[in-house]
Structure formats: C-alpha cells, structure tokens
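Just below is one structure, and these are the notes that go with it.
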Amino acid sequence: MAEPRHLALPSFARWTSVREEVVNVLRGAIVSGEMRPGELYSASGLAERFGISATPVREAMLDLVKQGLVEVVRNRGYKVTVISETDLDHITQIRQLLEPTAAAEAVPRITGSELDALRALASAIVDAAAEGDLVSYINADREFHLRLLAAAGNERLVRIVDDLRAQTRLYGLSALVASGRLADSALEHVEMCDLIAAGDAKKLKKLMSTHIGHTRREWAGRSPE
C-alpha cells in the first residue's frame with residue numbers, strides 16, 4: 001500500500017490527545033495532496049511511519065471516514081475520497097458567502113490576547129510556507145481561520161466552515177512552493193492581523209474574499225497523478 005513519503009509527526013509528548021493530533025495531520029495531508037486520492041493506506045503502515053501504535057491511527061481514520069475524507073476498503077485499508085472540480089467550485093461559493101462577512105463581524109470583538117494568538121499562527125503559516133511544509137501550513141491556516149471566525153460568536157458557522165475546509169483540496173500548493181508564491185499568499189494572514197489591529201472590518205472583508213478566491217483559482221490545482 002502507498003504511504004505518503006513526506007508525512008511526519010512531531011513528538012506526541014506534549015499532546016493530550018494523540019488521536020486528535022493524528023486526525024489533524026492526516027487531514028492536512030489529504031487536503032494538500034500528500035495523501036493521494038484513490039490510493040490505499042493502512043493504519044499499521046501510517047502508524048509505523050509516525051512511530052506510534054496503530055490504535056490511535058485506526059481511530060483517527062474512522063473519524064476521517066465519518067467526515068467523508070476517506071473511505072474504507074474492506075480487508076484492504078482506506079483510500080482518500082475524490083472531490084470533483086464542481087464540488088470545489090461549490091465549496092468556494094459557500095465559503096465566500098460565509099467567511100468574509102463573519103470575519104468582518106469578528107473585528108470589534110477580538111481581544112488583544114486573541115490577536116496575539118492570530119499573529120502567532122500567521123507567523124507559523126509564513127514559516128511553513130518558507131519551509132515548504134504543506135501539512136503544517138494547512139493545519140496552521142485552518143486554526144487561524146477558525147479562530148478568527150470564532151470571535152464572531154457563531155459556533156455553528158465555525159463548524160460548517162471547518163467541514164467545508166476539510167472537503168477542499170489544495171493540490172496546487174506544491175507548485176506554489178516551487179515558484180515562491182506560497183510565501184506571498186502566506187503573508188496575507190499577517191495583513192489580516194494588521195487590519196484587525198487597525199479595526200478596519202471593511203478591508204478585512206475584502207481581503208478575506210480575495211484570499212478564498214486564491215484557494216480555488218491558484219491553490220486547488222489538479223489531483224496528483
């Protein structure tokens with residue numbers, strides 16, 4: 001069975017839930033294309049790659065099955081589900097309807113400590129882009145956006161957006177790393193933090209819309225062969 005060559009986990013010593021962190025890393029690998037659609041993966045093979053027992057990996061894969069990210073192939077393992085170009089278009093349309101407005105509404109509610117957390121995540125996104133670490137990029141980007149939206153106070157919207165983001169595929173990120181353009185996109189998160197600090201909800205809304213547009217036009221790319 002194929003296993004992602006570049007997929008790795010940091011030490012789990014500081015994490016309270018191995019299962020949750022495995023889910024996060026695998027989700028990032030799926031969204032970025034590190035784990036390829038249609039190929040078979042085994043819990044035991046991934047566990048060996050991570051250097052942990054198979055149990056939390058198996059549990060994580062079942063969580064991803066529930067989220068529609070992978071499918072069970074009986075007696076063989078799991079495979080990443082395929083998302084069509086039409087699905088990606090529809091996901092982007094829904095995100096455009098929800099996220100820019102929610103981000104603007106969050107601006108006056110974001111506290112100093114919350115802004116500090118967003119800046120730390122923005123820095124992590126920039127660093128991951130510079131290093132070409134797509135899984136870390138995806139995970140830091142996800143946390144940044146969900147934290148920002150959570151400040152608007154609509155937990156249901158945050159859950160919906162989280163699900164939509166998980167269904168997104170960003171196979172074009174590798175090409176952006178190679179061209180150096182992913183670093184430019186990463187800096188948009190820093191700009192978002194500056195706009196929040198300035199209290200400029202209108203410009204943040206516009207930037208968020210542009211940012212989501214990048215996700216579809218430039219980041220999605222095509223399914224890896």
Side-chain angles (χ1 to χ4, degrees), residues 16-17 20-21 23-32 63-64 66-69 83 87-129 134-170 173 182 184-220:
T16 57
S17 172
E20 181 180 355
E21 294 302 330
V23 167
N24 287 338
V25 172
L26 292 177
R27 184 195 294 113
I30 290 168
V31 172
S32 67
D63 287 343
L64 294 174
K66 293 177 183 177
Q67 295 172 23
L69 298 184
I83 302 295
D87 286 333
L88 290 173
D89 287 338
H90 291 168
I91 288 168
T92 301
Q93 289 170 5
I94 297 170
R95 289 186 61 193
Q96 287 281 22
L97 290 171
L98 297 177
E99 293 186 59
T101 297
E105 291 175 351
V107 170
R109 304 184 182 190
I110 295 176
T111 66
S113 61
E114 288 170 340
L115 180 56
D116 288 343
L118 288 172
R119 285 196 183 280
L121 287 167
S123 179
I125 292 167
V126 171
D127 290 344
L134 299 185
V135 173
S136 294
Y137 185 98
I138 293 294
N139 286 326
D141 178 73
R142 170 179 173 267
E143 186 172 355
F144 178 95
H145 285 269
L146 295 184
R147 277 179 175 262
L148 173 54
L149 296 176
N154 189 332
E155 294 182 5
R156 189 179 296 274
L157 181 145
V158 174
R159 291 195 297 270
I160 291 171
V161 170
D162 192 18
D163 181 65
L164 291 171
R165 289 177 62 87
Q167 299 298 326
T168 300
R169 298 292 184 267
L170 303 177
L173 291 183
L182 186 59
D184 294 334
S185 295
L187 289 173
E188 290 179 350
H189 299 85
V190 176
E191 186 178 351
M192 289 180 199
C193 290
D194 291 341
L195 292 173
I196 293 168
D200 198 331
K202 184 176 180 180
K203 286 187 178 179
L204 178 63
K205 182 177 181 179
K206 182 177 180 180
L207 177 58
M208 182 64 73
S209 180
T210 300
H211 185 74
I212 295 171
H214 290 166
T215 302
R216 182 65 189 107
R217 292 190 302 272
E218 301 174 23
W219 300 9

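In this chain, numbering begins with 1 at the start of the sequence shown.
Residue pairs meeting the salt bridge (Lys or Arg N to Asp or Glu O under 4.0 Å) criterion with at least one member in residues 106-119, sequence neighbours excluded: R119-D194.
Side chains of N24 and R27: a donor on one and an acceptor on the other come within 3.5 Å.
Residues satisfying the side chain to side chain contact (heavy atoms under 4.5 Å, CB included) criterion with V158, sequence neighbours excluded, are L146, L149, A150.
Across all their heavy atoms, L64 and V23 have their closest contact at CD2-CG1, 4.0 Å. Taking each heavy atom of I110 and A151 in turn, the nearest pair found is CG1-CB, 3.6 Å. Here the shortest heavy-atom pairing between A152 and A106 reads N-CB, 3.7 Å. For the pair C193 and F144, the tightest heavy-atom approach, listed with the atom from each and the gap, is SG-CE1, 3.7 Å. When all heavy atoms of L115 and I196 are compared, the closest pair comes out as CD1-CG2, 4.0 Å. Between I94 and L164, the closest heavy-atom pair is CG2-CD1, 3.5 Å.
Expressed to the nearest 0.5 Å, how far CG of L26 lies from CD of E21 amounts to 11.0 Å. With rounding to the nearest 0.5 Å, the separation of CD1 in I83 from NE2 in H90 is 12.5 Å. Between the CG atom of L98 and the CG atom of L157 there is a distance of 5.0 Å, given to the nearest 0.5 Å. To the nearest 0.5 Å, atom CD1 of residue I138 and atom CD1 of residue I125 are 10.0 Å apart. Taking CD of E99 as the start and CZ of R165 as the end, the distance is 6.5 Å to the nearest 0.5 Å. To the nearest 0.5 Å, atom CD of residue Q93 and atom CG of residue L88 are 11.0 Å apart.
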Query raised in the report: What's the verdict on side-chain contact (heavy atoms from CB on, under 4.5 Å) for T92 and I212, showing C-alpha distance, side-chain angles and the deciding distance?
Result: CA-CA 7 Å; T92 301; I212 295 171; 4.0 Å; yes
Chi angles and distances behind the side-chain contact (heavy atoms from CB on, under 4.5 Å) call for H145, M208: CA-CA 10 Å; H145 285 269; M208 182 64 73; 3.7 Å; yes
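Side-chain contact between V107 and L195 is absent, with no heavy-atom pair separated by less than 4.5 Å.
Put simply, the side chain of Q167 gets close to the backbone of Q67: a donor and an acceptor are under 3.5 Å apart. Although no hydrogens or angles enter the test, the distance criterion places no donor-acceptor pair under 3.5 Å between the side chain of D163 and the main chain of R159. Although no hydrogens or angles enter the test, the distance criterion places no donor-acceptor pair under 3.5 Å between the side chain of S209 and the main chain of K205. Side chain of H189 to main chain of A186: a donor-acceptor pair is present (N/O by atom type, distance under 3.5 Å, no hydrogens or angles).
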